[in-house]
Structure formats: structure tokens, C-alpha cells
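A quick write-up on the structure given underneath.
In each ligand, atom 1 is the first atom listed, and ligand 1 is the first ligand listed. Quick note: numbers below take in every heavy atom, side chains included, and nothing from hydrogens, waters or symmetry partners.
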Amino acid sequence: MPHNHCHISPRAYHAALGGNASYEVAKSLRMRCRGAEGKQAPSFVQVPCDIAERDSTCGRFPLIEPVEKQCRFAGGNGDTMSRLIIVSNRLPVSLDAQPDGSYALRQNVGGLATAIGPYHSSHHDCLWVGWSGEDPADHTPEEIEAIRSTYEENRCIPLFLSAEQVAGFYAGFSNNTLWPLMHDFSHEAVFDPGTWETYSHVNQLFADALAPLIRKGDTVWVQDYHLMLLPNILRQRFNNISIGWFLHVPFPSPEIFRSLPQSREILKGVLGADLLGFHTVDFVENFKSCVQQLLDIETDDAGHIAVDGGHTATVDAFPIGIDYNLYRRTTRSSLARAMRRGIEEQSGKRPGRHHDTSLSAESSAAAEAATKSGSWWSHHVHEELPELTLAQSAMFGKDSKPNKVVVSVDRLDYTKGLPERLRAFERLLEKYPEWIGHVTYYLLATPSRGDVETYQRLKQQVDQLVGKINGRFSMLAWTPIHYITRSLPIKPVCGIYAAGDVALVTPLRDGMNLVAKEYLACHDGRDGALVLSDMCGAAEELGEAFIVNPYDIEMTCEALHDALEISPEESTRRNRAMQARIKARTAGTWCAGFLDALLQVSNPGLDDKRLRMDQRNTLLEQWAKADRKLLLCDYDGTLTPLVRDPDHARPTLELRALLSRIGTEPGVDLAIVSGRSHAIMDQWFGELPVNLVAEHGAWRNDYNPKGRTWVRAENMPDPQDWQPKIEAMMQESVNRVPRSFIEHKADALAWHYRASNQRSAQREHDRLIRDLRETCGGMGLMVMENSKIIEVCPLTTSKGHAVSPWVSSGDYDFMLAVGDDTTDETMFAAMPEDAWTLKVGAGMTKARSRIASATALHRLFGYMIAESEAGKAEKGK
Ligand SMILES: O=P(O)(O)OC[C@H]1O[C@H](O[C@H]2O[C@H](CO)[C@@H](O)[C@H](O)[C@H]2O)[C@H](O)[C@@H](O)[C@@H]1O
């Protein structure tokens, strides 16, 4: 390395390319990396020292780090920092070639990019590996390098697959074999040994692409049915990483899955993961049955599967959500509003506009812009209408029936139940002719997999059905179905959702179905009825919808009729319940929840007693049903993560808001049961609607909006009699162990050593414990070992004792106690059998369940609040 150059770290490299460095540094880095020979990224990056130093000194970020830690994405250098590597068939971004030969990045839409994309963008050490969508045969080596480099600047590692590989792996085995089988369409499945071979090979190629990136301790999260062999390939190659796998489609019963000639290989492939996630508990059960029947391996109720070679895989359900606020916000955009207004005018929902059958100039122009080309729109709205028909006169006010809009948004796929849905709509017009002229169906069906014959046939079938229904029922001024077969951007789609009085979401089989959730988010706080198939995961969460069997045309027709007739008050009430739930269970909480669970199952200290999804659902059900609820929460390490300086653990505004929210739920008594001094508790929580227990039970303060009073426990020794002596002993330890200190409380003293050198602190810890125990025995005091802290407090104090008046009052039909350290064990022991007890983090415990972190607890509280909201909406409150 030239002496006037220096190495910079991958973190600094990303920060620089992410706009955090000066132009000169960024340019220098880019040139350096593009110049690298071969496909492999350079293992470190050099920049001229003067530029790097100037950037560092102007406070952008620390550019210069020790040379031995420096590499780009490559692993294998002993760096043990754990990172997340996401692997999916497609990357979350695509590239568009620009006239100047460069490539511009475009964000992909779709559930996966929306759900995990934010995690990837906000974590600067997170990588994403996937197929670039490019065939290397179509590009020069320079273009390939430019494509690779543009992706890598965004922490995406692209794979280049030939057309032949794509045909076998993607179109072939993934979409023509696994897709139909997973969706219970075994009659559509093609069994071809050739595509299986390519699928296996491409899974190996993904492993090859990952190999140079993986470092000890990394987490690799594999996505979906395209990569079902990859988890086990990775397990065979690396024994020091955590592997997760999530299936975004349904998992079928053994009767269907066993028809796949490679069913056993596929099961063994995914069982290489530590955690296997599915959308619903039903899919988990199907998977477990397949493992039992096809591999003869037992599974237990906790979802553990003991695989050969001592590896244990765990299966659980993680229902995916949407970015609720994105849809809610986008619905308010001017383009979405114009789209909605346009549909309402065109369908006659907005009287006055429709007479001349043209949109207002403003709506028309904006809707055109929204749909980009807008041809479908102008075609329908600029028709000349020479005469009024019977239906038209009904439409324009002579008849009291209000005009309504039905919407649906799908990919044109045989799993979506489009022909069945169209028949149900036709049946509605037949059976309830009063809807003729009054209901308009906006059917957005984006064609996909157009090179596959089944999809071509489906498209023809849907085209014909739409034509038949329109031909049969159309009036001069009214067309029953507006059929759009293009892909529309999110803004007009939100406009379509918002315009819909009814959304018809009736897939024959679907893993989750996000359309149902998106429709509800676009109707935030409003009316609008959802007709939903019971064959999709979403039906488990959206029970207030009109649930139908999508194969039952008569039932769907009746549900559609009821949905069209529902009062705005009733549909708003139903929506409020569903919206509360999907607002709390977003794409972000899904991603975090899966990663929390993966952390738990990969860590032997955290895996036992993991709160599974079915248990969490039971907890939420019991919470929602209960009238009087008791929540007992420890503070440090439970409601907030542990930090070095106890003063820095003060509650954030978000935590205070969460505590206020849950503390004011009707029927809820919330108590923070902490070892903190009552002075601190008063300062941090005094204004919140919560009961407080301080100093491990020595002090108690029940919430009273008129003013708080602290009550000291009885029969405690006078602190003056013991604190000077104990303080002197602790002071000796402070003198010996740098950065240790004493925390003073009214009735306790604590020696803290978290910030100290742990080896010397441990020696001192052992000595101090021994001396304190000898001294405290006869003084009515006890010595407690806690998290990097030794505490002395009165023998009579205990959290269990402090909470017993609440617990034994008999007032509550739901009780939950949460804690993280040894002092919380007395509280767990005081809880009755049917109470919920949760330990946060690792360690021996009497608690019956365990969760990973304080953040996971916040999420659980969020779900509990949402459940209460849903319950209130259901009761019409
Ligand atoms: O009962 P808790 O609410 O869990 O309180 C227990 C002790 O918490 C505090 O110490 C702990 O948290 C500190 C901040 O994260 C950390 O630095 C320390 O190492 C932990 O032991 C508090 O300072 C103590 O008074 C509490 O007894």
C-alpha cells in the first residue's frame, strides 16, 4: 500500500457511498472498487490519507480504522460482529439502464421488499443477496461490473443467472412445480427431473455467492419457496451462523406435498434452518405433519424438530403485515384522491357529474397522470351517450338505491379465484337486479407469468367472462365491470381501494393476502366492507370481514349483497376492529418478531420456554376477554434495555406513551415493580397513570390522580444504623475497581461494576459478596446479586411480597408479570398457576415463558392495546 494511502472499513465505505463522505472520498472509493479484477469485491479499500483524514476531522464519520479489521463485504477474517444477510430470489431493487451507460436504481414493490426493505436500508451492516434479473450473456463484462457495483453500493449482492438457469429454476421448478403444489393446485404441477436439477444447482449457486460474505456469528435469513434447499446447504458448510427461513406462500397438507417426487429432499433442505416461519398456525401444522409422515421425525408442541446430527429446527407462525401508514398516507395523496374522485364520478356515486359522462377536467387529468398512460380511463369516460336508459334514470336519482363501487386488486393468477369471483358478481346482478345500474366493479388484474400456458388460458377465461357479463348487463351509461389489466403504481391503487364501497378479496388459496389489509388501511377510520376468502392467512386476523368460501358462488354472491347493503356505521365499526389489529402488526413488527425468535432459538439460553405464536394468541385472547387485568412489570432490563450508566436508562417518550396508554385501558391496573430508588421512580413515572413499587418492595405508591403518597414498608431497620458500615465496605471495592460506583437509595445500597474491567470486577465481586454476607447476617439485611450489581437491602423486602396484595385480591381475571433478573423471581413465584409470567432474556427462571428483549415486550404491549381497541370497536364503543 502506498504510504500516503490508508485503508478504510466497510462501515465507513458504506457511509461514504451513502452520501456521508465528501465527493472526493466517495469517488475515490467507487473507482477503487470498480477497478477490482474479477468478480470478487476487493477485500479492503484504499483512499488517499489526506482526503480520508479531512473527512474524519470534519466530523463526517471515522474513516480510518485498524488495518486488520478492514474488508469490504468479505468475511473469514475473524471479525465476529454479527450481521444480517437476507437472501431471496429477487433483490429489493432493480436497475434501469440509462442512456449514458450508468444504471439507475428502482425500488421494487411487493410484500417482501416492503416488509424487509426498511430493515435493510436502516442497518448499514445488513446485506441482501438475490438474483439481479440479468442474463450475463446480454451484457459486456464492463456492463456486468457496472451493474454489480451499482447494486453493491446499495448493499445488494447480485447473482447473474443464464436464461436456461432461470427457465429451470424460476419458471420451472419454482413456479410450475412448487407454486401450484403449495397452493393445493396439484393438478397444475409439472414434475420434471430437469427443472429439479437446475433448481438444486441454482440453490448451490446462492450458497456459493454467500460463502465469501459469511462471517462467524452472522444471521442468514432465507426467503421463500425458491430457496428451499439453501438452509441445509449453508448448515453443512457453516456451523457458526444462525439460519432462518420464511415461507411467503401456504404450506400444503402431506396428502398433497407427498406427490412431489423430491418432497423429502425439500423438507431436509429447509430443516437446515434454525427457525422456519410460516404465515399461519395451520401451515405450521401441515409442515409438522409432513415431517412426521415423510421423514419419520417427531415434532413437539413447542415446534422443535430434532434433525439428524444434533441440530434442532424450530417451526412457528409469523403472520406478515403491511406498512399501514404508507397506505393510509398515500390514500391522501392528490393522485390517489383524483383516482377516487374519478371512479366515484364515473360510477355515479357523485351525483351531478355523471350526466355528461365526462370527468371534471381536474379529475380526468390527474387520473390520467396517475395511471401513466390512462387509456382505459379516457376510453370509458368520453363515450358519447345519445339517450338515457332505464338504468341510467335509476342511477341519476329517480330510484333511491345509492350507487356503489366494488373493487379488487390481484395478480392474474389461478390461485386468486378470479373466474369464481366474476361468476359471483354476475350472480348478484341476476339474483338482485336492483343492483343493475347501481354497482360498478373495478377489477384490476395485473397479468403475470404470461409465457406459461396456464396463465394464458386463465387470462382468456377472465377476458371472456368480463366480456360476457358486460355484454349481458351493460347499459349505455353503465358498464358493470371496468377491467384493468395493467400494473398500476401505488397511488392510483390506493385511489381504487379508497373508492371501493366493497373489496372482493376471494383467493382460492393464499399465504396471507396483503390486498385485504391494504384495502383496510386505505379506509382508515372510514366505512367500506371487506368480502374475504377463508382460504387465505388474512382470514385468521380479519374475522370481522364477510368471510366466504370462494368456491361457493352463491355464498360469495350473498356476502357481496350484504356488504353492499351494510350501513356505514356498521362497516366503520367492523373496520375499526380490524384496523386496530393490522396497525399494530405491521411489516416492521413481523420482521422484528421473526428476528427476535431466530435469536431466541439460536441461543440455547433463550430457547426454552419461548413464547410461541399460538401462546401469544392465547394470551391476547384472554387479555381481550378479561374485565379486570393486572400487569406487573419490572423496569431495568424489562421495560428498557440495560445500559452502562443507570441514569441513562430513563424512559423514552415512546415508552412513557406506551405505559400511559396501557395504564389507562379500562379495567387495567399497571404496576412498575422495580429495585430503583423511590426518588427516581417518582421523577421518571410520577406523572403516569401507574402504580409504583420501589427498592424491591421497600416503598409503594398507588396511583391516585389527585396526588401520590409513598408508603415505606413496616419493620425495616433504620438506614442510619447500617448504611455507613456497608457503604464503607463497598467503597473499598470502588477504590479497587476503576469505573465501579455506589448507588444510594433510601433503604438500600448498590455496588455497580458493569462499566469496569470484568475480570478484575469479578474477583472483587466474590470478595465483597463474602464479606457482606458475613456482616449482614445479624443486621436484618440481605445481599442480592443482580445484573452487574451487588445490593444490600432490608431482609424483609421482596418484590413477591410487595405484589401479593394485588395478586391475592381476587380482583383480576387476567394477570401478567414480567421481569428479567433474579429479584423478579419472587414476583413470579407469587403469581397463581393461571397467570402469565414472562422472563425477558436468558437465565434460570420460574417464569413460564420467555421473550428475547425489552423491544419484544413493547411489541407485545402494542398487540394487547390493539386487541383492546378491536374489542371496543366490536362492542361498538
Ligand atoms: O428491578 P429493576 O427495575 O430491574 O432494577 C434493578 C436495578 O436496576 C438498575 O441497575 C441495572 O440497570 C442499570 C441500567 O441499565 C445497569 O447499569 C446495571 O448494571 C443494572 O444492574 C438500578 O441502577 C438498580 O438500582 C436496580 O436495583
*Tell me, which protein residue and heavy-atom name are nearest atom 8 (O) of ligand 1, and how many Å apart are they?*
D636 OD2, 3.1 Å
*asked:* Tell me whether K745 reaches ligand 1 (any heavy atom closer than 4.0 angstrom to a ligand atom).
replied: yes
*Taking atom types as modelled, find out whether Y812 and D627 have a side-chain donor-acceptor pair closer than 3.5 angstrom.*
no
*Contact check: D645 vs ligand 1, nitrogen or oxygen atoms, below 3.5 angstrom*: no
*Sub-4.0 Å atoms of ligand 1 with respect to non-hydrogen atoms of V643*: 13 (C), 14 (C), 15 (O), 16 (C), 17 (O)
*In terms of side-chain heavy atoms, does D596 have a donor or acceptor partner in Q600 at a distance below 3.5 Å?*
no
*E743-ligand 1 polar pair, N/O distance under 3.5 Å*: yes
_Could you check whether atom CG of D301 has more than 12 heavy atoms from other residues, nucleotides or ligands sitting under 6.0 Å from it?_
no
*Interfacing atoms of ligand 1 (cut-off 4.0 Å, heavy-atom, H696)*: 27 (O)
*Do the side chain of E695 and the main chain of D747 share a donor and acceptor less than 3.5 angstrom apart?*
yes
*Output the list of atoms in ligand 1 that are nearer than 4.0 Å to some heavy atom of D821, sorted by atom number.*
4 (O)
*Could you tell me whether a side-chain N or O of W699 sits under 3.5 Å from a main-chain N or O of H678, the two making a donor and an acceptor?*
no
*Nitrogen or oxygen atoms of S674 and ligand 1 under 3.5 Å apart*: yes
*What protein heavy atom sits nearest atom 11 (C) of ligand 1, and how far off is it?*
L642 CD2, 3.9 Å
_I789 N/O to ligand 1 N/O under 3.5 Å_ = no
*In ligand 1, which numbered atoms sit nearer than 4.0 Å to a non-hydrogen atom of H752?*
10 (O), 18 (C), 23 (O)
*Report the C-alpha separation of T638 and L838 in whole Å, then their side-chain angles, then the decisive distance to 0.1 Å, and conclude whether the side-chain contact (heavy atoms from CB on, under 4.5 Å) test is met.*
CA-CA 10 Å; T638 298; L838 271 182; over 6 Å; no
_Out of all atoms in ligand 1, which are within 4.0 Å of some heavy atom of K799? Include the element for each._
1 (O), 2 (P)
_Donor-acceptor check, side chain of E825 to backbone of K846, threshold 3.5 angstrom: yes or no?_
yes
*Which of the atoms in ligand 1, numbered in the order shown and given with their element, are less than 4.0 Å from a heavy-atom of R644?*
17 (O)
*Looking at the rings of Y863 and W623, which for Trp means the six-membered one, are their centres under 6.0 Å apart?*
no
*Main-chain N/O of G686 paired to D682 side chain as donor or acceptor, under 3.5 Å*: no
_For R767, is the CZ atom crowded, meaning more than 12 foreign heavy atoms sit under 6.0 Å from it?_
yes
_Pair Q762, D766: side-chain N/O donor-acceptor within cut-off below 3.5 Å_ = yes
*Determine the sole option in K629, R585, K872 for which the salt bridge (Lys or Arg N to Asp or Glu O under 4.0 Å) test with E867 is passed.*
R585
*Quick one: nearest non-hydrogen protein atom to atom 19 (O) of ligand 1, plus distance?*
R754 NE, 2.7 Å
_I need the atoms of ligand 1 closer than 4.0 Å to a non-hydrogen atom of D634, numbered in the order shown._
1 (O), 2 (P), 3 (O), 4 (O)
*For Y635, the ligand 1 atoms whose distance to one of its heavy atoms is below 4.0 Å*: 3 (O)
*Write out the residue and atom name of the closest protein heavy atom to atom 27 (O) of ligand 1, then the distance separating them to 0.1 Å.*
E791 OE2, 2.7 Å
*Touching ligand 1 at all, H648? Heavy atoms, strictly under 4.0 Å?*
no
*Can S787 be said to touch ligand 1, with heavy atoms closer than 4.0 Å?*
yes
